[in-house]
**Student:** 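What follows is a structure written as structure tokens; I'll ask about it next.
Nothing here was measured: the structure is a model prediction, and the numbers come from that model. Quick note: residue numbers are just sequence positions, from 1.
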Amino acid sequence: MKPDGTLWIVISDSYAGSGTTALVAQQNGRDYILIDINTDYIELTRRRISAGDGDNVC
């Protein structure tokens with residue numbers, strides 16, 4: 001629980017890919033944990049999150 005008594009919701013994605021799950025989680029005020037073995041996708045996800053690319057998420 002958070003200090004204010006609300007539940008702490010964390011979204012977990014073990015196949016993060018291009019990071020769409022993280023962007024949607026951000027749009028909905030959720031924390032997230034991403035995992036991917038492919039370093040190219042990890043870097044793509046980092047760039048998308050840094051750029052705030054959430055406007056392009058369907």
**Student:** Can you tell me how far apart OG1 (Thr45) and OH (Tyr32) are? Round to the nearest 0.5 Å.
**Tutor:** 9.5 Å
**Student:** Between the side chain of Asp36 and the main-chain N/O of Tyr41, is any donor-acceptor distance below 3.5 Å?
**Tutor:**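 No.
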**Student:** Hey, any chance Ile9 and Leu34 share a hydrophobic cluster, counting ILVMFWY side chains that come within less than 4.5 Å of each other, even indirectly?
**Tutor:**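 Per the 4.5 Å side-chain linkage, Ile9 and Leu34 are co-clustered.
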**Student:** Are the side chains of Thr20 and Val24 in touch, meaning some heavy atoms are under 4.5 Å apart?
**Tutor:** yes
**Student:** Tell me every residue that passes salt bridge (Lys or Arg N to Asp or Glu O under 4.0 Å) with Arg30, counting only those two or more places apart in sequence or in another chain.
**Tutor:**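 Scan of Arg30 (salt bridge (Lys or Arg N to Asp or Glu O under 4.0 Å), adjacent residues dropped) gives none.
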**Student:** Taking atom CD1 of Ile37 as the centre, does the number of heavy atoms from other residues, nucleotides or ligands within less than 6.0 Å exceed 12?
**Tutor:** no
**Student:** Can you check whether Ser12's main-chain N or O pairs, donor with acceptor, with Thr21's side chain at less than 3.5 Å?
**Tutor:**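 No.
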**Student:** Between the main-chain N or O of Leu23 and the side-chain N or O of Arg48, is there a donor-acceptor pair closer than 3.5 Å?
**Tutor:**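 Absent.
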**Student:** Say you draw a straight line from CZ of Arg47 to CD1 of Ile42; how long is it, rounded to the nearest 0.5 Å?
**Tutor:**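 Those atoms lie 12.0 Å apart.
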**Student:** Would you check if Val10 and Ile33 make a side-chain contact, meaning some heavy-atom pair closer than 4.5 Å?
**Tutor:** yes
